[in-house]
Every structure is written in structure tokens, then in C-alpha cells.
Amino acid sequence: PSLVWSDLSVGNIIIDKNKLSGLIDFEGCISGDPILAIGYLYALEGESNFFISIRGSFGKYFKIESSMVIFYSFIRFYRLLK
């Protein structure tokens, strides 16, 4: 388990002059599988260029199974249901 930023999205990354300037919106951080962040992003973005880039970056550090990405995307949908 590790600290997971469960709200990884384009809207929460600040870029200034083509460089990373900051990250915001951490109230959803939890302890767990780091692939959860990829699954949550997939739920928001699908196979966008941003998702593909982030998945590639994560893949350098973690083994990413597509079934887990899809599982965590369903967990995000379930959490948001009323």
C-alpha cells in the first residue's frame, strides 16, 4: 500500500510556461494500491492521450494489469453513485 492521489486529472495539475508548477486537490487521498489512481483516471478520461501518458509513467514503477485498471474505474463509479 502507498498514498494514492485518487483525483488525478488534468484539472488538478498546474502547468506554467510548459513546466509542472503544482498539484492540487488532495482531499481524496487514501492508502492503497497505486494502480487505483490509474483506474480513477481511466474512469474520467478513457483512453485519452493524458491517460496513456500517465499510465506509461506509472508503468515504469508499477506492474499495471488492465483488469485492475478497469476494476478501479468501476470502484470510482460505485463511490459516486447516490
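Basis for what follows: all heavy atoms, side chains included, without hydrogens, waters or symmetry-related copies.
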### Query
Would a 4.5 Å heavy-atom cut-off, applied to side chains only, mark F58 and L41 as touching?
no
### Summary
Scanning both residues in full, the closest heavy-atom pair of F51 with V69 reads CZ-CG1, 4.1 Å
### Task
Would you check if E45 and I54 make a side-chain contact, meaning some heavy-atom pair closer than 4.5 Å?
no
### Query
So, does S6 use its side chain to make a donor-acceptor pair with the main chain of G28 at under 3.5 Å?
yes
### Query
Out of curiosity, Y72 OH to Y78 OH, how far, rounded to the nearest 0.5 Å?
16.0 Å
### Query
Is the CZ atom of F74 crowded by more than 12 outside heavy atoms at less than 6.0 Å?
no
### Message
Working note: L44 + R76, criterion side-chain contact (heavy atoms from CB on, under 4.5 Å); need CA distance, chi angles, decisive distance, verdict.
### Response
CA-CA 9 Å; L44 291 172; R76 180 177 176 89; 3.5 Å; yes
### Message
Once rounded to the nearest 0.5 Å, what's the spacing between atom OH of Y42 and atom CD1 of I52?
### Response
10.0 Å
### Task
Of all the heavy-atom pairs spanning G59 and I64, show the shortest one and how long it is.
N-CD1, 3.6 Å
### Query
In terms of hydrophobic clusters joined by side-chain contacts under 4.5 Å, are V10 and V4 together?
yes
#### Entry: Check: N12 side chain, D7 main-chain N or O, donor-acceptor pair, under 3.5 Å
yes
### Message
I'd like to check I13 versus L8 (side-chain heavy atoms, cut-off strictly below 4.5 Å). Are they in contact?
### Response
yes
## Note on the structure
When rounded to the nearest 0.5 Å, the distance separating CG of L80 from OH of Y40 is 8.0 Å
### Query
When clusters are formed by joining ILVMFWY residues with side-chain heavy atoms under 4.5 Å apart, either directly or through shared neighbours, do I14 and W5 land in the same one?
no
### Nearest-0.5 Å distance, OG of residue S66 to CD1 of residue I35
10.5 Å
#### Entry: pair D33-F62: side-chain heavy atoms closer than 4.5 Å
no
